[in-house]
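Notes to accompany the following structure.
What you see is a predicted model; the values in this text were computed from it and never measured.
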Amino acid sequence: MLSSKGLKLSPKTKNHVFYDVAKHDEDNELYLRLSGNEGGGLHSKEWILLQSVIEILDQQFTNPTAPFKSLILKPLFNGSSANNVGFFAAALRSSDIGLLKPAEKGVFLHLISDDYEDNKVKLFQLSDTN
């Protein structure tokens, strides 16, 4: 299991979101969840299948120079908190996950990271160590 943190997206704060990546025994798949945050804001702590995250991001990878909003992550969640997608994007931007990076055109816009493919491989290798 990997437990770490990512800087929240807003430039007005230096607070973090906390997340876990773990393999679930029942299906032997990797999952990601938000486990907490500094500074408040409700969010879902549901486990999200990592492969589902990758499928959404792979669609963005077809045009890696086109910025996109956190809202593309909304289909991943059953919970209805407005913070879910922004907090989740912050986790995906973190140095330990590294699938996203900030876009230059706006602090709440994202781009696929330059090391996207390598970081995907590293993430899926976590299932070998759990």
Side-chain angles (χ1 to χ4, degrees):
M1 178 154 98
L2 167 68
S3 293
S4 194
K5 64 183 179 180
L7 187 62
K8 287 185 177 180
L9 302 181
S10 174
K12 297 177 184 177
T13 185
K14 295 295 180 199
N15 291 336
H16 294 87
V17 295
F18 300 92
Y19 61 87
D20 300 316
V21 179
K23 182 171 64 172
H24 287 199
D25 292 334
E26 53 277 358
D27 62 5
N28 214 28
E29 296 281 347
L30 281 176
Y31 287 79
L32 176 66
R33 76 166 176 179
L34 297 168
S35 57
N37 75 89
E38 295 175 316
L42 296 175
H43 61 86
S44 172
K45 292 185 179 182
E46 66 191 280
W47 288 99
I48 306 296
L49 181 64
L50 182 60
Q51 184 58 45
S52 297
V53 176
I54 296 302
E55 287 171 6
I56 288 173
L57 296 181
D58 278 352
Q59 292 174 11
Q60 301 304 313
F61 190 65
T62 59
N63 188 0
T65 60
F68 55 91
K69 295 180 181 182
S70 304
L71 283 175
I72 68 159
L73 303 170
K74 190 169 177 67
L76 297 171
F77 291 92
N78 292 323
S80 61
S81 173
N83 296 324
N84 285 344
V85 293
F87 286 0
F88 204 72
L92 296 177
R93 281 187 184 183
S94 72
S95 60
D96 287 323
I97 294 181
L99 296 177
L100 299 181
K101 66 180 183 179
E104 292 179 19
K105 295 180 181 180
V107 295
F108 298 107
L109 294 175
H110 317 284
L111 291 170
I112 294 298
S113 74
D114 298 333
D115 299 325
Y116 177 73
E117 291 293 342
D118 291 339
N119 290 339
K120 273 194 330 188
V121 170
K122 288 177 192 173
L123 273 175
F124 281 112
Q125 286 174 342
L126 288 174
S127 66
D128 298 334
T129 61
N130 284 339

* Separation between CG of Leu50 and OH of Tyr31, rounded to the nearest 0.5 Å -> 10.5 Å
* Asked: Using 30° and 60° as the class limits, which term best fits the ring planes of Phe77 and Phe88: parallel, tilted or perpendicular?
  -> perpendicular
* Asked: Do you know the tightest heavy-atom contact between Leu100 and Ala89?
  -> CD1-O, 4.2 Å
* **Option passing side-chain hydrogen bond (donor to acceptor under 3.5 Å, both in side chains) with His110 (candidates Arg93, Lys101, Lys69, Gln60)** => Arg93
* Asked: Between Ile56 and Leu99, is there a shared hydrophobic cluster once you connect ILVMFWY residues whose side-chain heavy atoms come closer than 4.5 Å?
  -> yes
* Asked: Measuring from Lys74:NZ to Asn84:CG, what's the distance to the nearest 0.5 Å?
  -> 8.0 Å
* State whether the side chain of Asp96 and the backbone N or O of Ser4 hold a donor-acceptor pair below 3.5 Å, judged by distance alone. => no
* Under the side-chain contact (heavy atoms from CB on, under 4.5 Å) criterion, do Ile54 and Tyr116 qualify, and how do the steps go? -> CA-CA 10 Å; Ile54 296 302; Tyr116 177 73; 4.1 Å; yes
* Structure fact -> d(Glu29 CD, His24 NE2) to nearest 0.5 Å is 10.5 Å
* To do: Is it possible for you to say whether Val85 and Leu49 belong to one hydrophobic cluster, with membership spreading through side-chain heavy-atom contacts below 4.5 Å?
  => no
* Verify, without hydrogens or angle tests, whether Ser127 (side chain) and Leu30 (backbone) share a donor-acceptor contact under 3.5 angstrom. => no
* To do: Apply the test side-chain contact (heavy atoms from CB on, under 4.5 Å) to residues Glu55 and Gln51: give CA-CA distance (whole Å), side-chain angles for both, the deciding distance (0.1 Å), then the verdict.
  => CA-CA 6 Å; Glu55 287 171 6; Gln51 184 58 45; 3.6 Å; yes
* Distance-only, no hydrogens or angles: does the Asn83 side chain make a donor-acceptor pair with backbone N or O of His43 under 3.5 Å? -> no
* To do: Establish whether Leu109 and Leu92 are linked, either directly or via other cluster members, by ILVMFWY side-chain heavy-atom contacts under 4.5 Å.
  => no
* Structure fact -> The reported gap from OG1 in Thr13 to CG in Asn37 (rounded to nearest 0.5 angstrom) is 9.5 Å
* Structure fact -> Output for pair (Ser10 OG, Asn15 CG), nearest 0.5 Å, gives 9.5 Å
* Flag, side chain of Lys8 to backbone of Glu38, donor-acceptor distance under 3.5 Å -> yes
* Asked: Hey, mind stepping through Ile112 and Leu57 against side-chain contact (heavy atoms from CB on, under 4.5 Å) and telling me if it holds?
  -> CA-CA 8 Å; Ile112 294 298; Leu57 296 181; 4.1 Å; yes
* **Cationic N near anionic O, under 4.0 Å, Asp58 to Lys120** => yes
* Could I get the full list of side chain to side chain contact (heavy atoms under 4.5 Å, CB included) partners for Ala90, not counting sequence neighbours? => Leu9, Val17
* To do: Check the pair Leu32 / Leu123 against side-chain contact (heavy atoms from CB on, under 4.5 Å), numbers first and verdict last.
  => CA-CA 10 Å; Leu32 176 66; Leu123 273 175; over 6 Å; no
* Same cluster or not: are Leu2 and Trp47 linked, directly or through other Ile, Leu, Val, Met, Phe, Trp or Tyr residues, by side-chain heavy atoms under 4.5 angstrom apart? -> no
* Asked: About how many Å separate CG of Leu42 and OG of Ser81, when rounded to the nearest 0.5 Å?
  -> 5.5 Å
* Hey, is CG on Leu71 packed in by over 12 heavy atoms from elsewhere, all under 6.0 Å? -> yes
* Path from Leu111 to Val53 over hydrophobic side-chain contacts below 4.5 Å -> no
* Structure fact -> Closest heavy-atom pair, Pro67 versus Ala103, reported as atoms and distance to 0.1 Å, is CB-CB, 3.9 Å
* **Any Tyr19 side-chain heavy atom under 4.5 Å of Ile48 side chain** => no
